[in-house]
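What follows is a short report on a single structure.
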Protein chains: 2
Amino acid sequence: MATIHHPDIRTIPLSAVLAALSDPTRLEIVRSLAKKACTCGSLDIEASKSALSHHVKVLRQAGVIHQKAEGTSRVTTLRREELDARFPGLLDSVLRAKGPI
Amino acid sequence: MATIHHPDIRTIPLSAVLAALSDPTRLEIVRSLAKKACTCGSLDIEASKSALSHHVKVLRQAGVIHQKAEGTSRVTTLRREELDARFPGLLDSVLRAKGPI
DNA sequence: TCGTTAATTCAAAGATTTTTGAACAATATA
DNA sequence: TATATTGTTCAAAAATCTTTGAATTAACGA
């Protein structure tokens, strides 16, 4: 597989991160990743595999997640420390939010 | 003018607030309102008045802003305390974020 | 009352996102 | 080598969002 591109977090606009997080499916993915790293397939999300692939790509391009090829899978993790440095408090507030998603 | 509807902040999904904040024009509006209350007309935003009206409506429906009729204008304010109570840290992180919008 | 100001609404156009399913690529395993 | 697994990519369809300009509404002041 070609190398997976991860944008420099400093170049990412705030609006892009907010847009990436503003989709309920992607919020689910992020909240799941906050608990533990996952491969796409092991995510318990209701979506076709191409839709899931799309959402994961949006999150990656927004600098929210990191992926590493591992065999035929991709191990996906939150770019938590980097995000916290770039947008202090943002991810925490999203992960801790109560009520309707 | 008919009364202006402001949704109960407890019913607003996190994704709706993030979606409202994910547009650069709306982020500008919010950042401007964080400094001082405004009428639509006094906002220094590049957009037609109907586009501005649309964006302000999206922010109002997402519970981000409050509007009060005052003569022919509408005085617009951030629902800061309510938002802080519902999504602690979210607005602060958005307002303090450095770098590209 | 008439004109002005401030802003909303509407419908249409334009743009962007999301979903789908089929085809494809890369790796692993029998 | 064949086959299964994991995930990507593509193009088309569907859905959603944004912008525009014209028409409208409401409140104010002369």
Side-chain angles (χ1 to χ4, degrees), chain A residues 1-7 12-13 15-30 32-33 36-77 101, chain B residues 1-7 12-13 15-30 32-33 36-77 101:
Chain A
M1 267 176 186
T3 62
I4 304 167
H5 181 249
H6 294 93
I12 294 173
S15 55
V17 175
L18 293 172
L21 296 175
S22 72
D23 178 275
T25 300
R26 292 195 290 261
L27 271 179
E28 258 203 272
I29 296 173
V30 167
S32 175
L33 291 174
K36 67 171 197 323
C38 270
T39 56
C40 278
S42 67
L43 283 168
D44 187 21
I45 304 281
E46 282 223 43
S48 69
K49 62 179 182 160
S50 54
L52 202 53
S53 188
H54 163 73
H55 285 305
V56 165
K57 187 182 190 179
V58 170
L59 288 170
R60 180 159 38 75
Q61 289 177 337
V64 177
I65 64 174
H66 179 274
Q67 294 192 287
K68 195 175 80 179
E70 191 120 314
T72 57
S73 318
R74 288 183 175 196
V75 177
T76 305
T77 52
I101 303 303
Chain B
M1 267 179 187
T3 62
I4 304 167
H5 180 249
H6 293 93
I12 294 174
S15 55
V17 175
L18 294 172
L21 295 175
S22 71
D23 178 276
T25 301
R26 292 195 290 262
L27 270 179
E28 258 204 272
I29 296 173
V30 167
S32 174
L33 291 173
K36 66 172 198 320
C38 272
T39 56
C40 277
S42 67
L43 282 169
D44 185 20
I45 305 281
E46 282 222 43
S48 69
K49 61 180 181 157
S50 54
L52 202 53
S53 188
H54 163 72
H55 285 305
V56 164
K57 187 181 189 179
V58 171
L59 288 169
R60 180 159 38 75
Q61 288 177 337
V64 176
I65 64 173
H66 180 274
Q67 293 191 289
K68 196 174 81 177
E70 192 119 313
T72 57
S73 318
R74 289 184 174 195
V75 177
T76 305
T77 51
I101 301 302

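What's counted below: heavy atoms across the whole structure, side chains too, no hydrogens, waters or symmetry copies. Model, not experiment: these values are computed from the prediction. The chains referred to below are lettered A, B, ... by the order of the sequence lines, with proteins before strands, and numbering in each begins at 1.
- Residues B:Ile12 and B:Val64 are not in side-chain contact: their nearest non-hydrogen atoms beyond the backbone lie 4.5 Å or more apart.
- Listed nucleotides C:dT18, D:dG21, D:dG7 differ in distance to A:Arg74; the shortest reach to its side chain belongs to D:dG7.
- Taking atom CG of residue B:Leu21 and atom P of nucleotide D:dC17, one finds them 15 Å apart after rounding to whole Å.
- The side chain of A:Lys49 has C:dA23 as its nearest neighbour among C:dA23, C:dT9, C:dT19.
- Under 4.0 angstrom from either OP1 or OP2 of D:dC17 there lies no side-chain N or O belonging to B:His55.
- Expressed to the nearest 0.5 Å, how far CG of B:Leu59 lies from CG of B:Leu33 amounts to 8.0 Å.
- For the pair B:Leu52 CG and D:dG21 C1', the computed distance is 16 Å after rounding to whole Å.
- Distance B:His54 NE2 to D:dG21 P: 16 Å, rounded to the nearest Å.
- Picking from D:dA22, C:dT18, C:dA6 the nucleotide with the shortest atom distance to the side chain of A:Asp23 gives C:dT18.
- A straight line from CG of B:Leu43 to P of C:dA6 spans 13 Å, rounded to a whole angstrom.
- Atom CG of residue A:Asp23 and atom CD of residue A:Glu28 lie 10.0 Å apart, to the nearest 0.5 angstrom.
- Nearest to the side-chain atoms of B:Ser50 among the listed nucleotides D:dA22, D:dT18, C:dT18 stands D:dA22.
- Distance check, rounded to the nearest 0.5 Å: NE2 of A:His55 to CD1 of A:Ile65 gives 12.0 Å.
- When the P atom of D:dG7 is taken as reference, atom CD of A:Glu70 falls 11 Å away, rounded to whole Å.
- The side chain of A:Thr72 approaches D:dT5 more closely than any other nucleotide in the set D:dT5, D:dT9, C:dT9.
- B:His66 is linked by a side chain to side chain donor-acceptor pair (under 3.5 Å) to nothing, counting only residues two or more places apart in sequence or in another chain.
- Side chain of A:Ser53 to backbone of A:Ser50: no donor-acceptor contact under 3.5 angstrom is found.
- Ranking D:dT6, D:dT18, C:dT20 by closeness to the A:Ala51 side chain, first place goes to C:dT20.
- In this structure, the nucleotide among C:dT18, C:dT20, C:dA7 sitting nearest to the side chain of B:Thr39 is C:dA7.
- Remark: A:Arg60 CZ to A:Ile4 CD1 distance equals 6.5 Å, nearest 0.5 Å.
- Atom CG in A:Leu18 sits about 14 Å away from atom P in C:dT17, given to the nearest Å.
- Counting to the nearest Å, the P atom of C:dT18 and the CG atom of A:Leu27 are 12 Å from each other.
- Rounded to a whole Å, the CD1 atom of B:Ile4 is 11 Å from the P atom of C:dA7.
- Contact check of residues 56-68 of chain A against DNA chain C (heavy atom, cut-off under 4.0 Å) returns no residues at all.
- The side chain of B:Ser48 sits closest to D:dT20 out of C:dT9, C:dT20, D:dT20.
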